[in-house]
Amino acid sequence: MARAFTPKVITANHLIEGDVIYLTAADTWSRDLAAAELITDEAHAQLRLLDAQSQPATVVGAYLADATSGTNGPEPTHFREEFRRTGPSNYAHGKQEVLANV
């Protein structure tokens, strides 16, 4: 029996800067997961992923990541995606420094 489709976001790394980025409903890339398009239809998710993967001059490693609807937009459902969203954990810098000051 096939697994039921769960909501997803499309994530990748920015080719030049290496930052984690997310595809928005407006066909732009954002470093903020809350701005990502939360996709609830499997066929639409596959089409959006193909679109993301067709941008090799901008992104690398695009894939579908499980997410859920949160109060401020999509939120990760797996620790790997939470880790990617917040950045390295060895000391506060970059995203972690910004999140610590919020």
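All values below were derived from every heavy atom in this structure, side-chain atoms included, with hydrogens, water molecules and symmetry-related copies excluded.
- Panel note: side chain N13, backbone G18; a donor-acceptor pair is recorded below 3.5 Å.
- By the side-chain contact (heavy atoms from CB on, under 4.5 Å) test, A65 pairs with V9, T11, Y63, E81, sequence neighbours left out.
- Of the inter-residue distances, the one linking L33 atom CG with L38 atom CG reads 9.0 Å to the nearest 0.5 angstrom.
- Nearest heavy-atom pair across P74 and A34 is CD-O, 3.5 Å.
- Atom NE2 of H14 and atom OG1 of T58 lie 6.0 Å apart (nearest 0.5 Å).
- With sequence neighbours excluded, the residues satisfying side-chain contact (heavy atoms from CB on, under 4.5 Å) with H44 are E37, I39, D41, R48.
- The other members of the hydrophobic cluster of L15, by chain and number, are I16, V60 (side-chain heavy atoms under 4.5 Å, ILVMFWY only).
- Inter-residue side-chain proximity for R31 and Y22 is flagged as unmet; no heavy-atom pair is nearer than 4.5 Å.
- Between L64 and Q46, some side-chain heavy-atom pair lies under the 4.5 Å cut-off.
- Here the shortest heavy-atom pairing between I10 and A45 reads CD1-O, 4.2 Å.
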Please evaluate residues R84 and V20 with respect to the criterion side-chain contact (heavy atoms from CB on, under 4.5 Å), reporting the C-alpha separation (whole Å), side-chain torsions for both, the decisive distance (0.1 Å), and the verdict.
CA-CA 7 Å; R84 289 184 77 239; V20 175; 3.7 Å; yes

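- Looking at residues two or more places apart in sequence or on another chain, you find a side chain to side chain donor-acceptor pair (under 3.5 Å) between Q55 and W29.
- E42 pairs by the salt bridge (charged side-chain N to carboxylate O under 4.0 Å, His left out) definition with nothing, not counting sequence neighbours.
- Checked against side-chain contact (heavy atoms from CB on, under 4.5 Å), T68 has the following partners two or more places apart in sequence or in another chain: E75, T77.
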